[in-house]
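To start, the structure under review is shown below, and the notes come after it.
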Amino acid sequence: MAERIDLPPAARGVPGLRFSAGAARGVFELPVCEDCGAQQYPPRERCVRCLSERLVWREVAAAGELLALTKLHHSNERFFASRLPRRVGLVRLEGGAVAVVHVAGDVAPGERVALTARLDRAGEGVIVAQLQGAGHLDEGLMDEFTYPLQGRRVAIAGPVSAYREAILKQVLAAGAAEVVLIAGDDSATEDPRLRVVSASARGGQRRLAQSVGPVERLIHAPSFAEPAEVGSLAQAVARAVDEPLALIQALRPSLVEHGGAVVQVLSIFGRCYFPALGAQCVPAAAAVSATQGLRASLQPEGVRVLTVFCGPAVGGPALPLPAAAPQRVAQAVVRALDEGREESYADPVAQDVAEQLREDPELAARNLAAMSRG
Ligand SMILES: [Zn+2]
């Protein structure tokens, strides 16, 4: 039987899950009472001050004053027991609520702190406080909340494209110790840290895993293949789903062993059909769904799945929206890992469509349809 992976406690009520959904996008949101203005922490369904049910989730000022600080030397949770001592504090938010937080760096009670909503190893939202203006989290917390590339073994997969090339360059620039490019071609980059594993050498999962070696980060460059180019819609769907899943399956033991992360770069039009783009949206939607399934199956094993959404691809059909620049997409991939952000948007189009989908999915679809008519 597989050894149980230690993860932080993940039980949350519905309001807690809503906080996690904001944290997944790196947004600090709390319910705010429409009647008396009170911010609610912990998130709840009725106002703590006036019992009103009229609570609205809003992004709130992510700053406050550290009221109290304690250093834990014992925990009954196995996950925390192996990460002691650790500091936990109480912060009074600018909006008045008092929250329990993880504390990073040297902070004393009375000092002002900046707060971030982050997903922990169990994929649930927690609050981390650090001195305003402080840079990276300290090492222990970085290991819990982020997936930096510095000194790590990274695999990059996906079809040959300007995106894959840009991602490769950014990953090397971010200080990866070793990069394995799972490719069907020779890469032009002559970096001693780069190793190219031929995609055609895929003689079963075990052999592929052996040729790739230990992996801590796996990045899938986007696949924007036109169904017509691939052969058929069914083949395009298969390529968008089967190949990435088979690869992740092969590298799964290594990713689990290292508490690693997978980055899937996906088209935002996999979440909402864009008539101007046509059948390309279908494999994109399949890839989005497969990624959600992947996240659900890898989360209990301590492997995080991060998605970076982007708008139209460069070199694709003429569209009424600007294409996502490859360098921008590559930077978004590195940032997602650096910040441990589960969902991010590489370009303004992806950001805009995602916002519309959150507000009104029906309207978002109509907007894209109207734009397609020109
Ligand atoms: Zn109230």
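Ligands are counted one by one from 1 in listed order, and the atoms in each one are counted from 1 as well. Side chains included, hydrogens not; waters and symmetry mates left out as well; all remaining heavy atoms used.
Classification of Glu53 and Arg46 as a salt-bridged pair holds, one side-chain N sitting under 4.0 Å from a carboxylate O. Salt-bridge check for Arg153 with Glu178: passed, with a basic side-chain N closer than 4.0 Å to an acidic carboxylate O.
Listed by chain and residue number, His102 satisfy the ring-ring contact (aromatic ring centres under 6.0 Å, His included) test with Phe145 (two or more places apart in sequence, or in another chain). Annotation: ring-ring contact (aromatic ring centres under 6.0 Å, His included) contacts of Phe309 (sequence neighbours excluded): none.
Residue Glu59 holds its CD atom at 10.5 Å from CG of Leu30, rounded to the nearest 0.5 Å.
Around the Zn ion (ligand 1), the protein atoms of type N, O or S that sit closer than 2.8 Å are Cys33 SG, Cys36 SG, Cys47 SG, Cys50 SG.
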Would you mind writing out the side-chain donor-acceptor pairs for residues 361-374 within the sub-3.5 Å range, not counting sequence neighbours?
{"unit_1": "Asn367", "atom_1": "ND2", "unit_2": "Gln356", "atom_2": "OE1", "d": "2.8"}
{"unit_1": "Ser372", "atom_1": "OG", "unit_2": "Ala276", "atom_2": "N", "d": "3.0"}
{"unit_1": "Ser372", "atom_1": "OG", "unit_2": "Leu368", "atom_2": "O", "d": "2.7"}

